[in-house]
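Atoms within a ligand are numbered from 1 in the order they appear, just like the ligands themselves.
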Amino acid sequence: MASIAIIGTGYVGLTTGACFSHLGHDVICADVDADKIARLQAGEVPIVEKGLDRLVDEGIRSGKLRFVVGAANAAKDCEFHYLCVPTPQAADGAADLSYLEAAAAEIASVLPNNSVVVNKSTVPVGSTRVVARVLGRSDVAVVSNPEFLREGTAVSDFLQPDRVVIGSRDQEAAIRVAALYSRIAAPIMVTDPVSAETIKYASNAFLASKLSFVNAIATLCEAVGADVNDVVLGMGYDTRIGREFLRPGPGWGGSCFPKDTKALARIAEDAGYDFHFLDEVLRVNEDQFDRTAKKVIDSVDPSLNGHVAVLGLTFKAGTDDLRDSPSIEVLKRVVAAGIPVTAYDPAVLPRENRLSQMYPELDIELATDPYAAADGAASLAILTEWDEFAWLDFDKLAEVMRGRNIVDARNLLDPTIPRRRGFNYRGVGR
Ligand code: NAD
Ligand code: UGA
């Protein structure tokens, strides 16, 4: 079993570290955030991610998973070094590599001889070379190993992936990295670093394109009177299309699709290719935020003098992540239209200041449950597909709400149920 340093203990780093320790490796996770490390050392998982607390607990108990402050403190004793730091969008649309370069600079002098640095952050084509240049260590191989996990299902995605992609010109280093995954049953594909980096961006941009397409089809369905749920079901039976990633919504978001789609357009531009297809994918998504916001705004009868009760703030269910959330994009537009908002999300509690810290300009109230959010509301909008919103008590809602309009931007509800209780239901594409 190998010794692995994880540099950057966020959604990807913590999942990677906990899963590798579960597979039997000795793992040390490092972060610059001393508070986060202290919580992890005490066995407290700072993010909402199904199954992660169990693996962290298991790793701490077995001694195979440890946490330290500072990349160099983890790297000095390990054979593999996974870079899992942020690569946010820079002002010009390109990926900002400063965290990656800083992490590489921090570990360069302490890396044991012949160790392998593995890039798991999503990075533009050519970044493996950038890391190698910053390290300046001819005895250390730099390998690309992009991550395809989704938040909310990160642990199962890591342990049962569709594929593992390894990009390396050094065959021995590629085999050593592949061996880390020997207990995982998945195809392992070895290619050159530039192709591995392109696979990651192309996959995310393809999935984002699929969603923009399906949201556009939902708009068409509304115009022609078709039911998008049946349309995508019928499309999905075709194995060339596939059933996954065909759910229409308020627009797509999250910490990666928006930045990665823009970064791929920028990579293409830098390489002399105008990838205008991606501009349209992004534009269709902005249109979807606008369209969803308009439905929410239209659902509020001003004569009722009430707010809109919003259910769901995170970018999808199963995560506490608010980065680039479609729900927030929609709410920015609703608030700008002068509509007061009271929101409930099971992963964003009123006593936390996370929402106001991330979006100080977004003036909304937070409630502790759906019925408190709906108390006195002119309308109700479901923006994130948390399972608990599928089981709302409409009699209770009818008692507390002033209005009877519901916007279901995730097609989570069976429309007959609220309609039977006297509510007006509006979904997406049906
Ligand atoms: P994150 O913000 O949750 O975590 C990054 C962590 O790195 C933070 O805890 C931060 O404090 C730490 N960090 C920054 N600089 C450091 C340094 N010098 N030394 C040690 N720690 C440092 O980010 P994330 O969502 O885990 O994403 C990380 C990368 O993985 C990004 O490139 C992202 O595009 C990619 N990715 C993310 C996902 C996802 O679902 N979140 C999936 C696949 C790939
Ligand atoms: C996405 C990819 O799915 C992962 O493979 C990738 O590793 C990751 O980005 C990354 O690079 O960070 P994630 O952002 O966690 O994962 O979430 P997704 O499940 O892909 O959802 C992204 C957005 O699309 C969300 O807003 C979600 O609500 C929306 N979505 C997804 C839909 O509207 N409909 C769908 O059918 C699926």
When only distance counts, is Glu385 in polar contact with ligand 2, meaning an N/O pair under 3.5 Å? no
**Message:** With nothing but distance in play, are any N or O atoms of Gly249 less than 3.5 Å from an N or O of ligand 2?
**Reply:** no
Ranked by distance from atom 18 (N) of ligand 1, the top protein heavy atom is Glu106 OE2, 2.9 Å
Looking only at non-hydrogen atoms, the one of Asp31, Asp35, Thr153, Asp321 nearest atom 8 (C) of ligand 1 is Asp31
Between the OG1 atom in Thr9 and the CZ atom in Arg39, the distance rounded to the nearest 0.5 Å is 13.0 Å
Counting from 1 in the order shown, the ligand 2 atoms closer than 4.0 Å to a non-hydrogen atom of Leu211 are 24 (O), 29 (C), 30 (N), 31 (C), 32 (C), 34 (N), 35 (C), 36 (O), 37 (C)
Nearest non-hydrogen contact to atom 42 (C) of ligand 1 from the set Asp33, Leu149, Thr319, Ile7 belongs to Leu149
The protein heavy atom nearest to atom 2 (O) of ligand 1 is Arg323 NH1, 3.5 Å
of all protein heavy atoms, closest to atom 30 (O) of ligand 1 is Val12 CG2, 3.6 Å
Item to check | Any N/O pair Arg150/ligand 1 closer than 3.5 Å | outcome: no
Q. Does ligand 2 have any atom that is closer than 4.0 Å to a heavy atom of Cys256?
A. yes
Near Glu151 (heavy-atom distance under 4.0 Å), the atoms of ligand 2 are 15 (O)
Tyr82/Phe20 aromatic ring centres below 6.0 Å
yes
- Query: Would Glu222 and Arg291 pass as an ion pair if we require N to O under 4.0 Å?
  - Reply: no
If you scan protein heavy atoms around atom 17 (C) of ligand 1, the nearest is Val32 CG1, 3.6 Å
Taking only non-hydrogen atoms of Cys84 and a 4.0 Å limit, the atoms of ligand 1 in range are 5 (C), 28 (C)
Taking only non-hydrogen atoms of Leu246 and a 4.0 Å limit, the atoms of ligand 2 in range are 36 (O)
> Does the Asn353 side chain pair with the main chain of Ser356, one donor and one acceptor, at a distance under 3.5 Å?
Replying inline: no
So the atoms of ligand 1 within less than 4.0 Å of a heavy atom of Thr87 turn out to be 31 (C), 32 (O), 34 (O)
Closest heavy-atom approach to atom 14 (C) of ligand 1 among Ala104, Gly152, Pro86, Gly8 is made by Pro86
closest protein heavy atom to atom 21 (O) of ligand 2 is Lys316 CD, 3.9 Å
Check: Any chance CD of Glu244 has more than 12 other-residue heavy atoms, nucleotides or ligands included, within less than 6.0 Å?
Finding: no
One finds that the ligand 1 atoms under 4.0 Å from a non-hydrogen atom of Lys259 are 33 (C), 34 (O)
- Polar-atom distance check: Glu151 versus ligand 1, any N or O pair below 3.5 Å? yes
message: For ligand 1, which is the ligand I care about here, please tell me if Thr122 has any N or O atom under 3.5 Å from one of the ligand's N or O atoms.
response: yes
Glu147 heavy atoms within 4.0 Å reach ligand 2 at atoms 7 (O)
Look only at interatomic distance and state if Arg150 has a nitrogen or oxygen under 3.5 Å from any nitrogen or oxygen of ligand 2.
no
Problem - Check ion pair Asp290-Lys294 (N to O, under 4.0 angstrom) - result: no
With nothing but distance in play, are any N or O atoms of Pro326 less than 3.5 Å from an N or O of ligand 2? no
Are the side chain of Ser121 and the backbone N or O of Val85 linked by a donor-acceptor pair below 3.5 Å?
yes
(Q) Tell me whether Glu280 is salt-bridged to Arg283, with the criterion being a basic N under 4.0 Å from an acidic carboxylate O. (A) yes
So the atoms of ligand 1 within less than 4.0 Å of a heavy atom of Ser255 turn out to be 41 (N)
request  = Examine Ser255 against ligand 2 and note whether any of their N/O atoms are separated by less than 3.5 Å.
outcome  = no
- Message: With a 4.0 Å cut-off on heavy atoms, is Glu244 in contact with ligand 2?
- Response: no
Of all protein heavy atoms, the one nearest atom 29 (C) of ligand 1 is Val85 O, 3.4 Å
With a 3.5 Å distance limit and no angle check, can you tell me whether Ser212 reaches the backbone of Ser209 through a side-chain donor-acceptor pair? no
Mark yes when over 12 heavy atoms from residues, nucleotides or ligands other than Glu79 sit less than 6.0 Å from its CD; otherwise mark no. yes
Are Tyr273 and Phe275 an aromatic pair by the rule of ring centers under 6.0 Å?
-> yes
Check: Tyr11 N/O within less than 3.5 Å of ligand 1 N/O: yes
Looking only at protein heavy atoms, what sits closest to atom 43 (C) of ligand 1 is Glu147 O, 3.4 Å
shortest atom 4 (O) of ligand 1-to-protein heavy-atom contact is with Gly10 CA, 3.2 Å
Any nitrogen or oxygen of Arg247, side chain or backbone, less than 3.5 Å from one on ligand 2? yes
Atom 7 (O) of ligand 2: closest protein heavy atom, distance to 0.1 Å, is Leu149 O, 2.6 Å
Nearest heavy atom to atom 25 (C) of ligand 2, choosing from Phe257, Phe315, Tyr11, belongs to Phe315
Closest heavy-atom approach to atom 23 (C) of ligand 2 among Gly253, Gly312, Gly254, Gly318 is made by Gly253
So the atoms of ligand 1 within less than 4.0 Å of a heavy atom of Lys200 turn out to be 43 (C)
